[in-house]
Number of protein chains: 2
Amino acid sequence: MSEEEKIEYISSILREKDISPSLQRIQIYKYLMDNQVHPNVDMIYRDLVKKIPTLSKTTVYNTLKLFQSKDLVSVITIEENEARYDIHTHLHGHFKCLNCGKIFDFDIEELKFDPMIEKENKIIDQQLYIKGYCKECIEKMNKEKE
Amino acid sequence: MSEEEKIEYISSILREKDISPSLQRIQIYKYLMDNQVHPNVDMIYRDLVKKIPTLSKTTVYNTLKLFQSKDLVSVITIEENEARYDIHTHLHGHFKCLNCGKIFDFDIEELKFDPMIEKENKIIDQQLYIKGYCKECIEKMNKEKE
DNA sequence: ATCATTGCAAACACTTTGCATACGC
DNA sequence: GCGTATGCAAAGTGTTTGCAATGAT
């Protein structure tokens with residue numbers, strides 16, 4: 001997809017949700033598409049302000065809140081101190097390495113829990129978070145031991 | 001279990017983890033035992049300051065951090081803006097009602113995901129969060145419609 | 001011209017830090 | 001008496017709010 005095509009594609013997604021596709025909104029959405037690393041507000045701001053020098057953090061906050069309310073992005077609260085954002089896709093889990101801080105996705109086949117939960121309550125969003133030590137950090141730690 | 005027995009029991013748990021069982025620490029642990037509603041720091045502080053008038057929020061923060069590091073409590077980050085605390089027990093999920101704000105536990109039989117995740121990485125903690133509308137709120141909303 | 005969007009600055013809320021006081025062995 | 005635990009006050013950090021300036025149709 002060319003850059004222009006991508007922008008047109010994003011614009012159509014936004015229009016479908018009754019969001020007027022401003023420069024800032026398109027770029028924030030594009031950033032989330034291109035950088036699926038679950039960025040926080042600061043990362044989004046610091047990278048995009050290079051392209052849009054007048055950009056303010058408030059706009060990033062406003063836009064993400066808008067996207068959230070329209071179900072375009074989901075918030076990941078695996079970190080205790082800050083929100084991270086993810087383009088809304090299929091159900092997947094998030095693994096956070098307690099050593100290097102990296103957060104990566106993994107596929108979930110199925111979440112098995114008491115079916116009454118689903119029957120009695122209305123589920124809007126599900127998040128599975130796993131914390132631990134990632135493959136790379138474990139290997140590094142093992143090497144250091146030698 | 002009598003009150004004294006409970007305090008003795010908590011003291012032994014703390015001592016096992018090399019934590020000297022001070023009045024504050026015992027009462028914070030007891031609060032988490034007695035009130036399994038996933039309180040935040042403010043709830044713990046507001047209730048306990050009635051019993052311990054000199055209590056400070058700093059102590060609540062310090063103590064919870066200490067308990068966390070000793071694996072006595074787990075932090076629930078289902079809320080975007082604040083941490084909630086839970087006595088460390090068996091694996092269970094948390095459901096948060098987007099209407100009334102209540103958070104309740106539910107049992108998980110099994111978490112099914114790619115076994116490579118478990119093989120390659122070291123899992124320390126797992127959290128499953130579900131957000132939606134709870135039974136009571138759904139019933140209330142349906143009644144209001146009539 | 002009007003309405004929506006943006007962005008600055010200030011306010012907010014939760015949490016952490018520095019340091020002096022108080023407590024326990 | 002000495003080391004740890006406590007608690008006040010201030011600072012820090014992520015986020016929200018109020019409002020004026022800007023932009024789009």
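If you're wondering where the values come from, they're calculated on a predicted model, not measured in any experiment. Labels below follow one simple rule: chain letters A, B, ... track the order of the sequence lines, proteins then strands, and each chain is numbered from 1.
For Phe67(A), the ring pair (Phe, Tyr, Trp, His ring centres under 6.0 Å) criterion is met by Tyr29(A), not counting sequence neighbours. Shown here are the side-chain contact (heavy atoms from CB on, under 4.5 Å) partners of Leu23(B), two or more places apart in sequence or in another chain: Gln27(B), Ile52(B). Legend: residues meeting side-chain contact (heavy atoms from CB on, under 4.5 Å) with Glu144(B), ordered by chain and number and at least two apart, are Lys140(B). A search for salt bridge (Lys or Arg N to Asp or Glu O under 4.0 Å) contacts involving Lys135(B) returns Glu120(A), not counting sequence neighbours.
Two end axes, each from the C1' atoms of five base pairs, can be drawn for the helix from dA1(C)-dT25(D) to dC25(C)-dG1(D); they diverge by 20°, to 10 degrees.
Ile13(B) and Ile44(B) fall within a single hydrophobic cluster, where Ile, Leu, Val, Met, Phe, Trp and Tyr are joined by side-chain heavy atoms under 4.5 Å apart, directly or via other members. When hydrophobic clusters are built by joining Ile, Leu, Val, Met, Phe, Trp and Tyr residues whose side-chain heavy atoms come closer than 4.5 Å, directly or via intermediates, Ile7(A) is grouped together with Leu14(A). One hydrophobic cluster holds both Ile19(A) and Tyr85(A) under the rule that ILVMFWY side chains link at heavy-atom gaps under 4.5 Å.
Shown here for Ile108(B) and His92(B), the closest heavy-atom pair between the two residues is CD1-C, 3.6 Å. In terms of heavy atoms, Gln127(A) sits closest to Asp125(A) at NE2-OD2, 3.6 Å.
With values rounded to the nearest 0.5 angstrom, Leu64(B) atom CG is found 11.0 Å from Ser69(B) atom OG. Once rounded to the nearest 0.5 Å, the distance linking CG of Leu128(B) with CD of Gln126(A) reads 6.5 Å.
Ring geometry for His38(B) versus His94(B): interplanar angle over 60°, hence perpendicular rather than tilted (30 to 60°). Relative ring orientation between Phe95(A) and Phe104(A) is described as parallel, the plane-to-plane angle staying below 30° on a 0-90° scale split at 30° and 60°.
Residues from residues 73-86 of chain B with heavy atoms under 4.0 angstrom of DNA chain C, sorted by number: Asn81(B), Glu82(B), Ala83(B). For the segment residues 5-13 of chain A, no residue has any heavy atom less than 4.0 angstrom from an atom of DNA chain D. Contacts between residues 44-59 of chain A and DNA chain C, defined by a heavy-atom separation below 4.0 Å, involve Thr54(A), Leu55(A), Ser56(A), Thr58(A), Thr59(A), listed by number. Residues from residues 18-34 of chain A placing a heavy atom under 4.0 Å of any atom in DNA chain C, listed by number, are Ser20(A), Ser22(A), Gln24(A), Arg25(A).
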Identify each donor-acceptor pair in which a side-chain atom of residues 70-78 of chain B lies under 3.5 Å from a protein atom, sequence neighbours left out, and give them as a table.
unit_1: Lys70(B); atom_1: NZ; unit_2: Lys17(B); atom_2: O; d: 3.2
unit_1: Thr77(B); atom_1: OG1; unit_2: Thr77(A); atom_2: O; d: 2.5

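Along DNA chain C, read 5' to 3', the first and last nucleotides having any atom under 4.0 Å from a heavy atom of chain A are dT5(C) to dA9(C). Think of the region where chain B sits on DNA chain D: with heavy atoms and a 4.0 Å cut, that region ends 5' and 3' at dA5(D) to dA9(D).
Atom NZ of Lys122(A) has 12 or fewer neighbouring heavy atoms from other residues, nucleotides or ligands inside a 6.0 Å radius. No more than 12 heavy atoms of other residues, nucleotides or ligands sit less than 6.0 Å from atom OH of Tyr9(A).
For Arg25(A) and Ser20(A), the side-chain atoms include at least one donor-acceptor pair closer than 3.5 Å.
Under the 3.5 Å distance criterion, the side-chain polar atoms of Glu5(B) are matched with a main-chain donor or acceptor of Ser2(B).
Ile130(B) has its side chain out of reach of Asn121(A): every pair of non-hydrogen atoms, C-beta onward, lies at least 4.5 Å apart.
Where Asn62(B) and Asn62(A) meet DNA chain D, the nucleotide closest to each residue was compared, and Asn62(B) sits on the side nearer the 5' end.
Under a 4.0 Å N-O distance rule, the pair Asp47(B)/Lys50(B) qualifies as a salt bridge.
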